[in-house]
Q: 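Okay, handing you the structure first.
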Amino acid sequence: TADTAFLRWYPPQVNKSGYVLELCEATPDRNTWRRVYRGSESFAVLGGLRPGASYKLRAIATSRDFKLESGPSLPSFWTQLTVDEAERLKPTPQHAARDFILPCIDRDLVIGDLVLFTERRDLPCLRTVAGRVIGGAGSKDTAFSIQVEWCTVSCAEHQSSIQISPGVRVQRKRKEIFSLEAELGVYRAKWQDEAGRWTRRQEQIHGQAKPQGHLIVR
């Protein structure tokens, strides 16, 4: 959105018990870094950002008790959407074909992805869900935690009883997300830094693939 950013970083294998993120506005007159995250996860959502503003962010690896810290990473830069841009680009069912253009080949789905899938489960009709992966994404039996952006159902008479409201978090295993892949496909949206996104396979071997680590913005 215009005032939030989803951040994902890929640290080296060593010394990865905790992380600190530092943020600074990328303007000539501002060079003060402030700490905006401390924790063990390698992703975070930042709020309270200025629409249209440019930012730089750096990561610091810490010990488990946060008493020992590495030097900061090289900064990553991005520019927030304006309010008008965020409203125009907000994911909606009407813009599904515009937003979800990348097929999830080889069931490649990682934390931070904005995914579109259809499910039947034990429902009286089909239910299509668009949501962001905010947890899980480990082994094939691990359940993803998905925060719903929007949801539609194929039968109007059951809409009120089976539709999922925006903001609700649901749990789905990989096989459930991809249960109708052959018929209807499973798609995801592009990241702002799509080239920086690691695939599921790269994440599994990230300590060897890219030992210096880096950050990307959704």
Side-chain angles (χ1 to χ4, degrees), residues 1-91 99 102 110-115 131-135 137 145 147 149 167 169 188-200 202-218:
T1 64
D3 60 357
T4 63
F6 187 98
L7 305 169
R8 182 83 164 96
W9 58 96
Y10 300 101
Q13 283 282 58
V14 296
N15 192 24
K16 59 174 185 177
S17 294
Y19 310 101
V20 169
L21 296 184
E22 294 184 332
L23 181 74
C24 180
E25 280 203 44
T27 58
D29 59 331
R30 298 192 182 187
N31 198 32
T32 301
W33 292 90
R34 59 187 178 92
R35 298 200 163 184
V36 293
Y37 173 82
R38 187 177 79 163
S40 58
E41 300 287 356
S42 57
F43 62 92
V45 178
L46 298 187
L49 303 177
R50 291 198 308 116
S54 295
Y55 290 92
K56 52 186 177 180
L57 186 89
R58 62 190 185 187
I60 298 170
T62 73
S63 59
R64 190 176 301 276
D65 58 6
F66 298 101
K67 292 182 178 180
L68 298 176
E69 297 184 355
S70 70
S73 68
L74 293 175
S76 291
F77 297 83
W78 82 94
T79 300
Q80 286 293 114
L81 297 175
T82 65
V83 173
D84 288 343
E85 287 173 334
E87 184 62 29
R88 178 169 51 84
L89 297 174
K90 182 179 179 180
D99 299 330
L102 300 175
V110 299
I111 289 176
D113 281 343
L114 188 60
V115 62
R132 188 178 310 285
V133 179
I134 58 173
S145 179
Q147 183 166 310
E149 290 281 340
R169 296 184 179 185
R188 65 175 181 85
K190 278 188 175 183
W191 285 69
Q192 182 173 329
D193 179 13
E194 179 65 25
R197 176 190 181 271
W198 284 5
T199 65
R200 177 188 174 198
Q202 285 176 307
E203 286 196 353
Q204 291 172 341
I205 60 174
H206 69 268
Q208 302 170 16
K210 296 186 178 181
Q212 297 305 313
H214 67 290
L215 300 109
I216 58 174
V217 181
R218 178 72 179 83

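Nothing fancy with the numbering, it's 1 onward along the sequence.
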Q: Do side-chain atoms of Q80 reach the backbone of T4 as a donor and acceptor pair under 3.5 angstrom?
A: yes
Q: Compare every heavy atom of A2 with every heavy atom of A86, then report the nearest pair and how far apart it is.
A: CB-N, 3.6 Å
Q: For V115, is there any backbone N or O sitting under 3.5 Å from a side-chain donor or acceptor partner on D113?
A: no
Q: Considering non-hydrogen atoms only, spot the tightest contact between G18 and F66 and give its length.
A: CA-CE2, 4.0 Å
Q: Residues in salt bridge (charged side-chain N to carboxylate O under 4.0 Å, His left out) with R88, at least two apart?
A: none
Q: Using 4.0 Å as the upper bound for N to carboxylate O, is an ion pair formed by R35 and E69?
A: yes
Q: Rounded to the nearest 0.5 Å, how far apart are CD of E22 and CD1 of I60?
A: 4.0 Å
Q: So how far is it from L89 CG to T82 OG1, rounded to the nearest 0.5 Å?
A: 8.5 Å
Q: Please report the closest heavy-atom contact between P75 and R58, naming both atoms and the distance.
A: CA-CB, 4.4 Å
Q: Would L7 and L46 count as a side-chain contact (heavy atoms from CB on, under 4.5 Å) if you check the C-alpha gap in whole Å, the side-chain angles of each, and the deciding distance to 0.1 Å?
A: CA-CA 8 Å; L7 305 169; L46 298 187; 3.3 Å; yes
Q: OG/S73 to CG/L21 distance, rounded to the nearest 0.5 angstrom?
A: 8.5 Å
Q: Without hydrogens or angle criteria, can the side chains of T27 and D29 be said to hold a donor-acceptor pair below 3.5 Å?
A: yes
Q: Within the 4.5 Å heavy-atom criterion, are W78 and L57 side-chain neighbours or not?
A: yes
Q: When you compare the side chains of R8 and S42, does any donor N or O come within less than 3.5 Å of an acceptor on the partner?
A: yes
Q: Which of parallel (below 30°), tilted (30 to 60°) and perpendicular (above 60°) describes W9 and Y37?
A: perpendicular
Q: Side chains of R197 and R188: closer than 4.5 Å at any heavy-atom pair?
A: yes
Q: To the nearest 0.5 Å, what is the distance between OG on S145 and CD1 on I111?
A: 9.0 Å
Q: Hey, does the side chain of E194 reach the backbone of W191 with a donor-acceptor pair shorter than 3.5 angstrom?
A: yes
Q: Roughly how far apart are F6 CZ and L114 CG, rounded to 0.5 Å?
A: 10.5 Å
Q: Heavy atoms only: give me the nearest T199-V110 pair and the separation to one decimal.
A: C-CG1, 4.0 Å
Q: Strictly by modelled atom types, are Q147 and R132 linked by a side-chain donor-acceptor pair under 3.5 Å?
A: no
Q: To the nearest 0.5 Å, what is the distance between CG on L49 and OG1 on T79?
A: 11.5 Å
Q: Of all heavy-atom pairs between F77 and A26, which one has the smallest distance, and what is that distance?
A: CD2-CB, 4.3 Å
Q: Under a 4.5 Å cut-off applied to non-hydrogen side-chain atoms, are Y55 and L23 in contact?
A: yes
Q: Tell me every residue that passes salt bridge (charged side-chain N to carboxylate O under 4.0 Å, His left out) with E41, counting only those two or more places apart in sequence or in another chain.
A: none
Q: Quick one: salt bridge (charged side-chain N to carboxylate O under 4.0 Å, His left out) partners of R50, sequence neighbours excluded?
A: E25
Q: Checking side chain to side chain donor-acceptor pair (under 3.5 Å) for the pair T1/D3: CA distance, chi angles, key distance, verdict?
A: CA-CA 6 Å; T1 64; D3 60 357; 3.1 Å; yes
